[in-house]
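Report on the following structure.
Reminder, nothing fancy here: chain letters follow the sequence lines and each chain counts from 1.
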Amino acid sequence: MKKTHIIYTGLLMMLCFIAQAQTQKGTVLIKNATVLTVTNGTLENTDVLVENGIIKRIGSNLTASNVETIDASGKYLMPGIIDAHSHVALDAVNEATSPITSEVKMADVVNPYDIGIYRALAGGVTISHAMHGSANAIGGENITLKHRYGSGNPENLFMKEAPRTIKFALGENPTRVHGRGNGNQPRTRMGVEAVIRNGFNEAIQYQKAWKAYEDAKKVKGATPIPPKYDTRLQTLADILDGKVIIHCHSYRADEIYALINTCREFGITNIVFSHVNEGFKVAPELAEYTMGASVFADWWAYKFEVYYSTAYNAAILTENGVITSINSDSGELIRHLYHEAGKAQRYGELDDEQTLALITINPAKQLGIADKVGSIEEGKQADLVIFNEHPLSVYAIPQMTFVDGVKYFDINDDNDDMRLKVSAAETVEPIFLKEHDHKCMHGVDFFFTNFGRNLFDHSH
Amino acid sequence: MKELNMKKTYKILYTLALLVLPFMAQAQFDGEFIKPRNGKFLLQNATIVTVTNGTIENGSVLIENGKIVRVGTNVPAGDAEVLDCSGHYIYPGMFDGGSRLGLVEVNSLAETQDFAEIGSVSPNMQALVAVNPNSIAIPVTRVSGVTTTLAVPSGGLFPGTAALINLNGYTPDQMYAGFKGVVMNFPSSARRSTWDRRSDEDIKKEADTAQKTLNEIWERASNYHKLKSAGAELQFYPEMDQLAKVISGELPLLVEVNAASDIEAAIDWIKSKEVKAILTGVAEGWRVAEKIAEANLPVVVGPMLSIPTRQSDRFDAAYSNPGKMAKAGVKVVIRTNDAENTRNLPFNAGFAAAYGMGKEEALKSVTIYAAEVFGVADKLGSIEEGKDATLFVSTGDPFETKTQIRHVFIDGYRVPMSNRHIKLYQEFLERSPGLEKN
């Protein structure tokens, strides 16, 4: 009796899980748009039919009965914008307690109520890569989010099809927090390289121990004792096995080059460099050995390691064949990534398609989801944005944003207060003069007091 | 593929032309530095956007002795160096109404921060003194067509005296553009950023204390001014001396204020003290736009590219703020409040234009309105004969990211269209050696 009860409960729980995992999928017909497919050029006066969250057909004179039809005459339709480096919708960012914290997961701290998600949607962003901060050489696992704003269940925001990714960080941030802040390795770029190398070597030992155990088990009658399970090392082992994509916070060419060498030595090819302000100096290496670079359009000089930057970074990387994306790392910038991408035309004169790729198909490739999103193609998920003007114009205003064919932003239905939840403790609504943009060092402010400097500003 | 090759070919031709041009002008040697130079220049066959007198098609601008001497359709070149601007546009140089450009080199390094002096009351601190004419960020900024910025000190109640600078020159005096104003941070009921974790009570207590201090200091400054103008011999008191200049009307007060209720309080305060004031920041100006217009106070607003001040606000609250104030009749100037990325000023103006301000008004706000508010409209802010030759030539609308800026003139000096960002591009676009050496 008791056993069946347990089984029954288990089944019920599974059913609940399946029910929860079902997110809303939309059906819609968008007519007469200028479609910026990103991968197949620009299609004038074109219709896009979405069924159950998937782009079903792209063509002219498409019809469908009992389907919401949107006239997009004179407007531009582009794929939902993808931000490969964000901290939107996270309640915590840094587990700054050890140079390696590969055991923590950002999936555990997703806040589905963050108004930042809606503001990102209002800027046409449908997917963001919610990342651990840059305090540790090896941080936690990130989570790729689809901006399904409105649900109170964090899991409904997860893009379950996305592969696992992990945050690494080089340079000033890990050396400041651990070396200068706590007196632990790493204090230099030598130390950062060693911490990562030692981590990988330990993971190899760990893999060997498990292999030995599995082999010993095969011997008839043997009763070997399994090694102690260690999430931190297991995650590093998964990186070595190519199951996890590294997204590495980095700035200087020397540190980027050093990690490329380390990865090559350990046979790791799934690595994307993030920020990577001096990536342009090692563009041929990035093109040859990595999954590319995710950069800022023009941020520089906020700290010493970004003093020798150039706003032409995205253009140099692109022209050298590096898969390049432009990310926000900011609750402010995420609202206008189309404009950030546009700056790659001021600085280096990339053409429209190359420029749009910076915020669509290229970040999709870097997150391992390019077969599902990042362009307007039949069979892909219907993450779409309608703009009133060409999205690379400074005068462009997003009109509607769809995730899985469901409309989550409509400028004509944009109420004054789009919060999902208001804190019961709030009597007077606070007024914030600015968003703290550079969130990479969020949660490690207690380290700053050691240095007598105002590192709150531009601590990214 | 064909298009790509064509593009590459153009790029090579363009690079070759760039390489050959200097040799034609004057013999140059490897590694020679191109300096800003003045002289007599004729910018020919451009569309001239004068801002104050409409647009002139196929027009020319003659520059001599640092001034615009002729603007028109048939201007003879004489002995002037001719720059063919066919298909291009001429605009007056753009103003950033509030920036740290020149006052800081690397934001996180205290050794390079010269915008915030110790003490809450230091109106006598002169930003102009701390402007570094050789800051790497200055040439990075001016190639965007931003030629004139207000260097603003920050921190405390009276952080210092801001100064308007042109972005060319080797001493602060060569850069000085003719306007100074004393900065005042009006007591604030808002949080500095989303990381400001003070309690509501603490914020109120701090604002009340600041208000009390402000009034006490102002009374002292008024007495100082009264005694001094009555001819009294006073002990040296540099802070009061500087504030007395505001009381006498010699210098305006730049009142930094953002929350709606604070703006209202600041308007009352300004009225009661009868000072000449400019409101700056004004993030929630749209909430009280009518009141600002009624008080006839100009505003320096920005950056537009910032989040709404309240979570309940529409996503575009900051983008649409300048447009709403302009519609209410407020004279609006735009600022970035940035340092190294002051070059984004035109894009801030572009967002303001898109979200309700309109292109024409946005252009005025970064040119002639700024010149008027800072009292330098006799010299700057439009393309007019007799004004300073501070202007730029572009391939199109300077607010659009796609547009390229081709030439920049500041005070008649043709500044090199180069900076560290561009040099790194030239060095690394096709690195040599590439992946393999040999």
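Residue K423(B): no heavy atom, backbone or side chain, is found under 4.5 Å from chain A. Proximity to chain A involves both the backbone and the side chain of E105(B), based on heavy atoms less than 4.5 angstrom apart. Looking at V104(B), there are no atoms closer than 4.5 Å to chain A (heavy atoms on both sides), in backbone or side chain. With a 4.5 Å cut-off on non-hydrogen atoms, Y118(A) does not touch chain B at all. The contact between D352(A) and chain B is made entirely by side chain atoms (from C-beta outward), counting heavy-atom distances below 4.5 Å. When heavy atoms are compared at a cutoff of 4.5 Å, R335(A) approaches chain B by way of both its backbone and its side chain. With a threshold of 4.5 angstrom between heavy atoms, L392(A) approaches chain B through N, CA, C or O but not through any side-chain atom. Looking at P398(B), only its backbone comes within 4.5 Å of chain A, counting heavy atoms on both sides. Interface remark: E285(A) contributes backbone and side-chain atoms alike to the contact with chain B (heavy atom separation under 4.5 Å). For V422(A), no part lies under 4.5 angstrom from a heavy atom of chain B.
For S393(A) and E400(B), the side-chain atoms include at least one donor-acceptor pair closer than 3.5 Å. In this structure, a donor-acceptor pair under 3.5 Å is present between the side chains of Y395(A) and D397(B).
Heavy-atom pairs under 4.5 Å with chain A peak, among A137(B), G434(B), S189(B), S312(B), at S312(B). Here A122(A) is the residue among G116(A), A396(A), G123(A), A122(A) with the most heavy-atom pairs under 4.5 Å with chain B. Taking chain B as the reference chain and counting heavy-atom pairs below 4.5 Å, the highest number among T355(A), L317(A), D414(A) is found for D414(A). In terms of heavy-atom pairs under 4.5 Å with chain A, the best-connected choice from R343(B), E436(B), E427(B) is R343(B). For the options I405(B), I422(B), D196(B), heavy-atom pairs under 4.5 Å to chain A are most numerous at I422(B). Note: E288(A) leads E288(A), E389(A), M418(A) in heavy-atom pairs under 4.5 Å with chain B. Interface check for chain A: of the options T112(B), T403(B), D316(B), D313(B), the most heavy-atom pairs under 4.5 Å are formed by T403(B). Among the candidates L305(B), N258(B), D200(B), I203(B), the residue making the largest number of heavy-atom pairs closer than 4.5 Å to chain A is L305(B). Heavy-atom pairs under 4.5 Å with chain B peak, among D298(A), I115(A), N388(A), V306(A), at D298(A).
The nearest pair of heavy atoms linking W300(A) to R420(B) is CZ3-NH2, 4.5 Å. Between L435(B) and Y289(A), the shortest heavy-atom contact is CD1-CE1, 4.1 Å. When every heavy atom of Y355(B) is checked against every heavy atom of P398(A), the shortest pair comes out as OH-CD, 4.0 Å. Across all their heavy atoms, I316(A) and Y425(B) have their closest contact at CG1-CD1, 3.5 Å.
Residue N344(B) holds its CG atom at 11.0 Å from CH2 of W299(A), rounded to the nearest 0.5 Å. Taken to the nearest 0.5 Å, the CG atom of D262(B) stands 7.0 Å off from the CD1 atom of I431(A). To the nearest 0.5 Å, atom CD of residue Q426(B) and atom OH of residue Y312(A) are 8.5 Å apart. Between the CG atom in N313(A) and the CG atom in L424(B) there is a gap of 9.5 Å [rounded to 0.5 Å]. The NE2 atom of H336(A) sits 12.0 Å away from the CZ atom of F315(B) when rounded to the nearest 0.5 Å. A distance of 8.0 Å separates OG1 in T309(B) from CD in E429(A), rounded to the nearest 0.5 Å.
Counting heavy atoms from C-beta outward, N320(A) and E430(B) have side chains that stay 4.5 Å or more apart. The side-chain heavy atoms of N107(B) and K303(A), taken from C-beta on, include no pair separated by under 4.5 Å. In this structure, P308(B) and R119(A) have side chains that are in contact, with non-hydrogen atoms separated by less than 4.5 Å. Side-chain contact check for R191(B) versus L433(A): every heavy-atom pair is 4.5 Å or farther apart.
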> Hey, mind stepping through H339(A) and T401(B) against side chain to side chain contact (heavy atoms under 4.5 Å, CB included) and telling me if it holds?
Replying inline: CA-CA 8 Å; H339(A) 168 59; T401(B) 46; 3.7 Å; yes
> Do K402(B) and V394(A) pass the side chain to side chain contact (heavy atoms under 4.5 Å, CB included) test, and can you show the C-alpha distance, the side-chain angles, and the key distance before you say yes or no?
Replying inline: CA-CA 9 Å; K402(B) 217 175 224 178; V394(A) 79; over 6 Å; no
>> With side chain to side chain contact (heavy atoms under 4.5 Å, CB included) as the criterion, how do F428(B) and V282(A) come out once you've worked through the C-alpha distance, each side chain's angles and the decisive distance to 0.1 Å?
In response: CA-CA 9 Å; F428(B) 286 99; V282(A) 285; over 6 Å; no
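With hydrogens and angles disregarded, no donor-acceptor distance shorter than 3.5 Å links the side chain of R431(B) to the backbone of P284(A). Counting only distance, with no hydrogens or angles, the side chain of Q404(B) and the backbone of Q345(A) share a donor-acceptor pair below 3.5 Å.
Side-chain rings of Y347(A) and H421(B) stay apart, their centers remaining 6.0 Å or farther from each other.
Contacts between residues 317-324 of chain B and chain A, defined by a heavy-atom separation under 4.5 Å, are made by Y319(B).
A cation-pi contact, defined as under 6.0 Å to the ring centre and within 45° of the axis, is absent between R192(B) and F432(A).
Within 6.0 Å of CD on E206(B) lie more than 12 heavy atoms contributed by other residues, nucleotides or ligands.
Note on R314(B) versus D416(A): no salt bridge recorded, every NZ/NE/NH1/NH2 to OD/OE distance being 4.0 Å or above.
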